[in-house]
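Any value given below was found using the heavy atoms of this structure, including those in side chains, with hydrogens, waters and symmetry copies removed.
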Amino acid sequence: MSDERLLRHWTHSFEEDHEGVRVYRPAEHAFPPARGRDGMEFHADGTFVDRPIGRGDANERRPGRWRCPPEGPIRVDTAAGARRRMEIVRLEPDRLEVRIGDDEE
C-alpha cells in the first residue's frame, strides 16, 4: 500500500468498533476519557511500532516491521514475536478501519 494517509500514529477508538472491525483515529484526536488505549504507528521505511496498553494504563512501545504485498493485506511482525494480518476496510485522513487476525504466512 502506497497510501501516505496510513503513515502516522493511530490510536484505537474502541467505542466505534463494529462487526469485527477495529476503528483507529489519529493520536491527536479528541477521544472521550478511557483507562487506556492501544495504538500503532506505520512509518514509510517499513518500521512499525505496536503500542499496547501496559501497566498503569500507559502504552508500551514494541518495535516491528510492516509490509503490504500487492496481492494481500498488510503483514506486521513485532520484536515481541507477534505476527498479524491487517485488512484495511476504510482509510481516510482521520479514520482507519481494519480487520486484524493472526498471520498464517
Decide yes or no on salt bridge (Lys or Arg N to Asp or Glu O under 4.0 Å) for Arg22 and Glu16, but give the supporting numbers first. CA-CA 8 Å; Arg22 292 177 60 122; Glu16 298 181 89; over 6 Å; no
Pair His43-Phe48, side-chain contact (heavy atoms from CB on, under 4.5 Å): steps then yes or no: CA-CA 6 Å; His43 299 275; Phe48 176 84; over 6 Å; no
Evaluate the side-chain contact (heavy atoms from CB on, under 4.5 Å) criterion for residues Val23 and Arg95: first the C-alpha distance (whole Å), next the side-chain angles of each, then the deciding distance (0.1 Å), finally the verdict. CA-CA 7 Å; Val23 178; Arg95 185 181 185 97; 3.9 Å; yes
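Looking at heavy atoms from C-beta onward, Leu96 lies out of side-chain contact with Arg90 at the 4.5 angstrom threshold. Between Tyr24 and Thr11 there is no side-chain heavy-atom pair separated by less than 4.5 Å. Within the 4.5 Å cutoff, the side chain of Arg65 has heavy atoms near those of the Thr47 side chain. Side chains of Thr78 and Arg84 form a contact here, defined as non-hydrogen atoms less than 4.5 Å apart. Between Ile74 and Phe42, some side-chain heavy-atom pair lies under the 4.5 Å cut-off. Val89 places a side-chain heavy atom less than 4.5 Å from the side chain of Arg99. Counting only heavy atoms from C-beta outward, the side chains of Leu6 and Ile88 approach each other to under 4.5 Å.
A donor-acceptor contact closer than 3.5 angstrom links the side chains of His18 and Glu97.
Remark: of the listed residues Arg62, Arg61, His12, Arg62 is the sole one forming a side-chain contact (heavy atoms from CB on, under 4.5 Å) with Pro52.
Other residues, nucleotides and ligands place no more than 12 heavy atoms under 6.0 Å from the CZ atom of Arg35.
Contact check on Arg83 versus Asp77 returns a salt bridge, with a Lys/Arg side-chain nitrogen under 4.0 Å from an Asp/Glu carboxylate oxygen. Of the charged side-chain nitrogens involved, at least one lies within less than 4.0 Å of a carboxylate oxygen, so that Glu15 and Arg37 count as a salt-bridged pair. Ion pair Glu28/Arg8 flagged as a salt bridge, since at least one NZ, NE, NH1 or NH2 atom sits closer than 4.0 Å to an Asp/Glu carboxylate oxygen. The existence of a salt bridge linking Arg51 and Glu41 is confirmed by a sub-4.0 Å separation between a basic side-chain nitrogen and an acidic carboxylate oxygen.
Remark: side-chain polar atoms of Trp66 are not paired, donor with acceptor, to backbone N or O of Val49 under 3.5 angstrom.
Under a hydrophobic clustering in which Ile, Leu, Val, Met, Phe, Trp and Tyr are joined whenever their side-chain heavy atoms come within less than 4.5 Å, directly or via other members, Val98 and Leu91 fall into the same cluster. Linking Ile, Leu, Val, Met, Phe, Trp and Tyr whenever their side-chain heavy atoms come within less than 4.5 Å puts Leu7 and Met40 in one cluster. Trp10 and Val21 are not part of a single hydrophobic cluster, where members link through side-chain heavy atoms under 4.5 Å apart.
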